[in-house]
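The structure appears below as structure tokens.
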Amino acid sequence: MAKVLVVGGGGREHAIVDALSRSAKVTKIYCAPGNAGIGLQAENVAIKDTDVDGLLAFAKGNAIDLTVVGPEAALAVGIVDAFRGAGLKIFGHTKAATRIESSKEFAKELMFKYDIPTSGYRSFTDYTEALEYVKARPFPAVLKYDGLAAGKGVVIAATLEEADAALKDMLLDCSFGQGKVVVEDFLTGPEFSFMCFVDGGRVYPMPLAQDHKRAYDGDEGPNTGGMGAYTNLPFISEEDRKFAFDNILCRTAEAMVAEGCPLSGVLYGGLMKTPQGIKVIEFNARFGDPETEVVLPSLESDIYDIFEGVASGKAVAQPAWNDNVTLGVVLASKGYPGKYEKGCVIEGLENVEGRIFHMGTAIRDGVTVTNGGRVMMVVCGGSDVADARGKVYREVEKIHCDNLFYRHDIAHCALDE
């Protein structure tokens, strides 16, 4: 029987903890740092997710059998390398392999070298050169900070003024740190997320999902970390899925092996179905958020077996998934993704039927309060998208907090609204 440490404290980690809690092989789950909702299913540990020394000491001191890493920031600082160096079993990519997310330029070079379909690009460190290149090209312009930027380093500029402001922010003001900007060709078409468990050249697909990045109904407003997600995408055929699996996810796994930095965790493909075929928008080196919250509830296999197998370099059985459609709606603090208030009381959670994955919550004086931009996600399963969506919105209405807002049109792409 196993003791597991989950690193992170958001909705993604809550979904991972929830899946682990269904395993007959797991006796104890710790989560560092965790959150109020995670604390109902695991023991929260007050260690920051990038405190590698602290996490390593905790894992050694508590005889942890397996550590599962959620956030990209922990992977990028080398937590996997440190744990493996100490002889501890850990699910996640090495620092070198995490470059597929932590460096947009590395990912682009890999895709061009191994013929993985994506948009054209050029990289710049000089503001003036970048601006001249953008001026000479059609708009909108896609500008991406090369490194990690907590989901905020991508700007789709409709005008030269917007592009200029973004380039100044990234290259002159160094808002995300010293670095490069990747300027990409703009693509059109529906986006979707394709996550896989990957161990070297072995790739195990998960159900497809689509999330909604814009803050408000009708895909209006600023980009966010995601305001909702759902599975079972009617606009992606089985032929599309097979193409993406064979020519993008599997080919990328093989490319990383060839480059000497094999993957050993989750590969997230942010893909787009363009008129010219399916292409990569971005890769992430970990579970997506909020996609994980709608994908993992459909898993019928024991997730501990998958995590442990990948972490050990052993082949595992193909994961089994049920056919339910799963849909989730994010409740966020008013003002998000800008400035927002914390500490607002949330009522009615005990009345909700379905899963509630906490993202930014805390317990204060025995009461659940808001403690982040995205606060929680209500998730329900159904026989089809309309059924799942109807259930979710009925449950969302049971939650009361004056300082929360949510989108009312999650999965509109699937329902032809």
Side-chain angles (χ1 to χ4, degrees), residues 11-12 15 156 187-196 205-221 223-245 248-249 268-282 284 287-300 321-332 353-357 359 374 376-397 405-417:
R12 165 184 51 215
I156 300 175
L187 300 177
T188 60
E191 292 187 45
F192 63 102
S193 306
F194 195 165
M195 297 189 291
C196 296
M206 302 186 214
L208 304 181
Q210 184 182 56
D211 77 331
H212 295 257
K213 291 292 187 192
R214 298 285 186 173
Y216 311 127
D217 290 2
D219 293 320
E220 298 289 335
N223 268 330
T224 71
M227 294 298 294
Y230 66 102
T231 61
N232 198 309
L233 313 181
F235 52 87
I236 301 298
S237 67
E238 177 55 29
E239 183 182 9
D240 292 333
R241 195 200 72 85
K242 188 175 188 310
F243 175 88
F245 182 69
I248 295 176
L249 281 308
Y268 168 112
L271 311 180
M272 180 179 281
K273 185 175 179 178
T274 78
Q276 293 76 40
I278 294 173
K279 298 191 178 187
V280 178
I281 300 296
E282 65 174 352
N284 291 331
F287 282 109
D289 188 353
E291 295 94 335
T292 304
E293 292 92 314
V294 296
V295 168
L296 289 188
S298 296
L299 181 63
E300 295 188 336
W321 308 87
N322 67 43
D323 294 328
N324 280 355
V325 174
T326 312
L327 188 145
V329 173
V330 171
L331 286 74
E353 297 175 32
R355 289 180 167 89
I356 302 176
F357 292 122
M359 296 170 145
R374 291 188 301 166
M376 59 182 55
M377 186 172 180
V378 179
V379 175
C380 292
S383 56
D384 57 29
V385 175
D387 180 41
R389 187 163 87 158
K391 289 178 180 176
V392 167
Y393 281 112
R394 284 193 293 273
E395 299 310 315
V396 166
E397 289 176 3
F405 79 98
Y406 57 89
R407 282 184 58 161
H408 302 78
D409 63 346
I410 299 304
H412 67 85
C413 305
L415 296 171
D416 296 320
E417 293 179 353

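Between Met227 atom CE and Asp211 atom CG the span is 11.0 Å, to the nearest 0.5 Å. Within the model, atoms CD1 of Ile236 and NZ of Lys242 stand 16.0 Å from one another, a figure rounded to the nearest 0.5 Å. Between atom OG1 of residue Thr224 and atom OH of residue Tyr216 there is a gap of 10.0 Å, rounded to the nearest 0.5 Å.
Every residue meeting the side-chain contact (heavy atoms from CB on, under 4.5 Å) condition with Tyr393, not counting sequence neighbours, appears here in chain and number order: Val329, Arg389, Tyr406, Ile410. With sequence neighbours excluded, the residues that form a side chain to side chain donor-acceptor pair (under 3.5 Å) with Arg407 are Asp219, Asp409. In terms of the side-chain contact (heavy atoms from CB on, under 4.5 Å) criterion, residue partners of Glu300 (sequence neighbours excluded) are, by chain and number, Ala320, Asn322. Legend: residues meeting side-chain contact (heavy atoms from CB on, under 4.5 Å) with Ser237, ordered by chain and number and at least two apart, are Glu239, Asp240. Remark: Ser193 pairs with Tyr268, Glu291 by the side chain to side chain donor-acceptor pair (under 3.5 Å) rule, at least two apart or across chains. Scanning for salt bridge (charged side-chain N to carboxylate O under 4.0 Å, His left out) contacts around Asp384 gives an empty result, with sequence neighbours left out.
Nearest heavy atoms, Leu233 versus Ala209: CD1-O, 3.6 Å. Taking all atoms of both residues into account, the shortest heavy-atom contact from Cys380 to Ala388 is O-CB, 4.0 Å. Taking both residues in full, the closest heavy atoms of Phe287 and Met206 are given as CE2-CE, 3.5 Å, listed atom of the first, atom of the second, then distance. Of all the heavy atoms in Phe357 and Val379, the pair that sits closest is CD1-CG2, 3.8 Å.
Of the possible donor and acceptor atoms, one in the side chain of Lys273 sits under 3.5 Å from a partner among the backbone N and O of Phe235. Using a distance-only test at 3.5 Å, with no hydrogens or angles considered, no donor-acceptor pair links the side chain of Glu293 to the main chain of Ala15. Between the side chain of Thr231 and the backbone N or O of Thr326, at least one donor-acceptor pair lies under 3.5 Å. In terms of modelled atom types and a separation under 3.5 Å, the side chain of Arg214 and the main chain of Gly221 share a donor-acceptor contact. Looking only at distances, a side-chain donor or acceptor of Gln210 sits under 3.5 Å from a matching main-chain atom of Glu191.
By the 4.5 Å heavy-atom criterion applied to side chains, Trp321 and Leu299 are counted as neighbours. Contact of the Asn232 side chain with the Pro207 side chain is not registered, since no non-hydrogen atoms from C-beta on lie closer than 4.5 Å.
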*Show the numbers, then the answer: is there a side-chain contact (heavy atoms from CB on, under 4.5 Å) between His212 and His412?*
CA-CA 10 Å; His212 295 257; His412 67 85; 3.6 Å; yes

